[in-house]
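Below, each value reflects all heavy atoms present in this structure, side chains not excepted, and no hydrogens, waters or symmetry copies. Below, chain A is the first sequence line, B the second, and so on; all start at residue 1.
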Amino acid sequence: MSRESTPLPIALPDAAWRARFRRALLRWYARAARDLPWRRSRDPYRVWVSEIMLQQTQVTTVEPYFNRFVRAFPTVKALARADESRVLRLWEGLGYYRRARQMHQAAQAIVEQHAGRFPRDRDAVRALPGIGRYTAGAILSIAFDAREPILEANTIRLFCRVLAYDGPPHASQGQALLWAMAERVLPRREVGRLNQALMELGSEVCRNRTPQCDACPVEALCEARRRGLESQIPRPKPKPVFEYRHEAAVLIRRRGCVLLIQRPEGGRWAGLWDFPRYALDAEDDTRRRAELVEHVRRQTGLTIELGSRLKTIRHGVTRYRITLECYEGRCLSGRLNRGHNRPMRWLHPAELDDYPLSTTGRKLSRLA
DNA sequence: AATACGGGGCC
DNA sequence: GGCCCAGTATT
C-alpha cells in the first residue's frame, strides 16, 4: 500500500554525516554533561516526574521542586495514594497545574493497570494523561534505552540551525522535518544518552540568543554556521497580543480567620484556593473601593469595611496581564452565601499551609 | 491550525 | 518589559 506523504522541505543528512555528528556530540557530552538531580538514576518514575516538571519550565526552576517532590513521593505507589491537594501543594509556583493533576491520575492508572510498575510499552505510556509524543520518547529512551526520538525546545533550535531550516518550526511541515531528523539521528544503543546530549547541547551551547559556536562540537557540521545564519535561525515566534486588566483581591478577616474561595473547575488555577478577586475598571480609587464593597456583598453576602490597600502586584499570565490591588477588609455582618457556586471557607492563617493556593494567593497569604 | 494553560529566568 | 522555557490537550 502506498501512502502519499508530503515531501520534506529540505533533505536530511546522510549516514556518514549522522555518524560524525553523534560521535562529536557524545564526546562533548561525556565532558560537559551537567550533574542534574534526575540524571542520578534511571528509575522511570523519577525520569517521568522530571519530564513532566520540565515541560515549558526551565531546569533551574525545576531542580528544587523535583527534589522535594520525589522525597515526598518516592514511588508511583506513594504518589498514587497521596491526596491531590498535597500533590498540588508541592506544585505551587510551578504553573500549569494540570500537569500535577494528570500525573496524580496517571499514577493511579499505573497502579490499577500495570501493577504499579511504570509501563515499557509505547502505546501504554502514550495513553497516560499528560504524556505526549515528546515525554513518551524521553521517558522510554532515558529510562529503558528504547529507540524513540524526542523533539522539544532545545533540539528544535539545534536542528533548525544544523540544517539551516528557516521555516516556522512549529508548523506541520517544520514538525515533519524535525521529527524525521530526530529519528534519523538516533544510534542503535544508548539512545537515552544521545537524546539527553542533544538537549544539553541545545541548552548550553546552541543557545537562543547567543549561540556559543566557538565552543560547539558540531560547528563544522552546522549549515547555519557555514552560511553565517546562526543568529537568524530559528525565526522568532509571532508574539501573542496581551489583554491588560485590573483586579482587586481582598483579605476579609473575621475572628482571626480569613476568607478563601476555591477557583472554579475549567478555568485558570482550577481547584486552587485563592482570596476573593474582583475585576475592576482601572478608574479612580474612591469609586473603585465603593464598588468593591458592593461586589463583596453581592457575591458573598458579607458586609465588609475596607481598610488600607496593602499592595499592588503585577503578574504576567498567558494572554493577559493583571494588576492586582490587595485590600484589607473587616467583616461586619452577614454569612457566606450558600447559593454561590464557588466553595468558600474561613481559615486560620496557620491552616493556609494545608491548602494549595494560586501563586498570588500564596503571596497574599503571607500578609494574612 | 489555533488556543488555553503559569510562573520565573534572564537580558 | 519582552522573550523564552526538556509540551499537552482541546477545539
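- A/His246 NE2 to A/Arg288 CZ: the interatomic distance, rounded to the nearest 0.5 Å, is 7.0 Å.
- Going from atom NE2 of A/His170 over to atom C1' of C/dC3 covers 13 Å, rounded to whole Å.
- Note on A/Thr155: nothing from the nucleic acid sits closer than 4.0 angstrom, heavy atoms only.
- Here B/dG6 is the nucleotide among C/dC4, B/dG6, C/dC5 with the atom lying nearest to any side-chain atom of A/Tyr96.
- No contact: A/Gly137 has no heavy atom under 4.0 Å from any strand.
- For the pair A/Glu152 CD and C/dC5 C1', the interatomic distance rounds to 10 Å; values are reported in whole Å.
- Applying the side chain to side chain donor-acceptor pair (under 3.5 Å) test to every pair with at least one member in residues 98-111 of chain A, sequence neighbours left out, gives these pairs: A/Thr57-A/Arg99, A/Glu84-A/Arg101.
- With both ends at atom P, the span from B/dC11 to C/dA6 equals 14 Å, rounded to whole Å.
- Residue A/Tyr97 places at least one side-chain N or O closer than 4.0 Å to OP1 or OP2 of B/dG7.
- Rounding to the nearest 0.5 Å places OG1 of A/Thr135 at 11.0 Å from CE of A/Met103.
- Using a 4.0 Å heavy-atom cutoff across all strands shown, A/Thr57 reaches at least one base atom of the nucleic acid.
- Both A/Thr359 and A/Ser172 lie near DNA chain B, and the one whose nearest nucleotide falls closer to the 5' end is A/Ser172.
- As judged by a 4.0 angstrom heavy-atom cut-off over every strand, A/Asn208 is placed among residues touching the sugar-phosphate backbone only.
- Each of A/Arg321 and A/Thr135 has a nearest nucleotide on DNA chain C; the 5'-most of these lies closest to A/Arg321.
- Nucleic acid contact class of A/Ala153 (heavy atoms, under 4.0 Å, all strands): sugar-phosphate only.
- With 3.5 Å as the limit, one finds a donor-acceptor pair spanning the side chains of A/Thr155 and A/Glu152.
- Between the CD atom of A/Gln175 and the P atom of B/dA2 there is a distance of 13 Å, rounded to whole Å.
- On the P atoms, C/dT11 is 16 Å away from B/dG6, given to the nearest whole Å.
- Salt bridge present: A/Arg362 and A/Asp353 bring a charged side-chain N and a carboxylate O closer than 4.0 Å.
- Here C/dA6 presents its C1' atom at 13 Å from CD of A/Glu63, a figure rounded to the nearest Å.
- For the pair A/Gln56 and C/dG7, the criterion of a side-chain N or O lying under 4.0 Å from OP1 or OP2 is met.
- Using modelled atom types, no side-chain atom of A/Arg321 and backbone atom of A/Phe242 make a donor-acceptor pair closer than 3.5 Å.
- Remark on DNA chain B: of its neighbouring residues A/Lys363 and A/Gly266, the 5'-side contact belongs to A/Gly266, judged by nearest-heavy-atom nucleotide.
- Distance from the side chain of A/Lys237 is smallest for C/dC5 among the nucleotides C/dC5, B/dG6, C/dA6.
- Put simply, A/Arg98 has no side-chain N or O that comes within less than 4.0 Å of OP1 or OP2 on C/dG7.
- A/Ile52 comes within 4.0 angstrom of no nucleic acid atom, judged by non-hydrogen atoms across all strands.
- Nucleic acid contact for A/Pro240: none, since no nucleic acid atom lies under 4.0 Å from a heavy atom of the residue.
- Across the C1' atoms, C/dT10 and B/dG7 are found 22 Å apart, a figure rounded to whole Å.
- Comparing A/Met199 and A/Phe242 by the nucleotide of DNA chain C that holds the closest heavy atom to each, the one mapping nearer the 5' end is A/Phe242.
- Distance CE (A/Met103) to C1' (C/dT8): 14 Å, rounded to an integer number of Å.
- Residue-level contact check: A/Arg268 touches the backbone only, with heavy atoms under 4.0 Å from sugar-phosphate atoms and none from bases.
- One interatomic measurement links the two molecules: CD of A/Gln105 to C1' of C/dA9, which rounds to 13 Å at whole-angstrom precision.
- As a whole-Å value, the separation of A/Tyr65 OH from B/dG6 C1' is 11 Å.
- OP1 or OP2 of B/dG7 has not a single side-chain nitrogen or oxygen of A/Thr61 nearer than 4.0 Å.
- Taking only side-chain nitrogens and oxygens, A/Trp38 never comes nearer than 4.0 Å to OP1 or OP2 of C/dA6.
- No contact: A/Arg126 has no heavy atom under 4.0 Å from any strand.
- In summary, A/Asp214 and A/Arg225 engage in a salt bridge, as defined by a charged side-chain N under 4.0 Å from a carboxylate O.
- When the P atom of C/dG1 is taken as reference, atom OH of A/Tyr244 falls 7 Å away, rounded to whole Å.
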